[in-house]
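Sequential numbering from 1 along the given sequence is applied to the chain's residues.
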Amino acid sequence: MDTDRLLELVPHYVAMLLLVFLVLGIVRTLVGDVGFWVDLAIIFVLVFLYRPAVQALGIAPSAWEE
């Protein structure tokens, strides 16, 4: 595996992880405990929407442009 490519992706995966914790924290603060399956659904939505959002903003790593 190319280490330069991996190092380019690490900040995006860290940002994705922080985004998940932030959104789950906000949801739990506003709504309360929503349960495991709703938490999991929120995580899936955030993870699958992160890449297109980053590409639309023009800050996607070159590894995702292939």
Side-chain angles (χ1 to χ4, degrees):
M1 176 161 267
D2 184 19
T3 54
D4 292 333
R5 186 175 178 180
L6 184 61
L7 288 175
E8 185 181 18
L9 291 172
V10 167
H12 288 279
Y13 288 123
V14 170
M16 194 181 317
L17 183 66
L18 292 175
L19 180 66
V20 165
F21 283 125
L22 177 70
V23 170
L24 286 178
I26 291 170
V27 168
R28 288 179 181 162
T29 300
L30 295 176
V31 181
D33 187 24
V34 292
F36 172 77
W37 294 110
V38 175
D39 282 345
L40 190 62
I42 291 169
I43 292 168
F44 277 129
V45 168
L46 290 173
V47 168
F48 286 114
L49 290 180
Y50 180 83
R51 184 173 174 170
V54 169
Q55 287 175 327
L57 291 172
I59 56 173
S62 59
W64 287 354
E65 295 174 3
E66 296 175 353

Say whether [X] and [Y] are linked into one hydrophobic cluster, either directly or through other cluster members, by side-chain heavy-atom distances under 4.5 angstrom.
X   : Y   : result
I26 : V34 : yes
I43 : V38 : yes
V54 : F48 : no
L30 : L46 : yes
M16 : L57 : yes

Check: Where do E8 and A63 come nearest, in terms of heavy atoms and distance?
Finding: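 That closest heavy-atom pairing would be OE1-N, 4.0 Å.
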Check: Which atom pair, heavy atoms only, marks the closest approach of Q55 to A60?
Finding: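 Closest approach of Q55 to A60: CG-CB, 3.5 Å.
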Next item on the list: Enter the distance from L18:CG to L22:CG here, rounded to the nearest 0.5 Å.
Entry: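 Answer rounded to 0.5 Å: 8.5 Å.
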Notebook entry, point to check: Which value, rounded to the nearest 0.5 Å, describes the distance between L9 atom CG and D4 atom CG?
Noted result: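 CG of D4 is found 11.0 Å from CG of L9.
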Next item on the list: Can you label the angle between the W64 ring and the Y13 ring as parallel, tilted or perpendicular, going by 30° and 60°?
Entry: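 It falls in the perpendicular class, over 60°.
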Item checked: Min side-chain heavy-atom separation V47-Y50 under 4.5 Å ->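 The answer is no; the side chains never approach within 4.5 Å.
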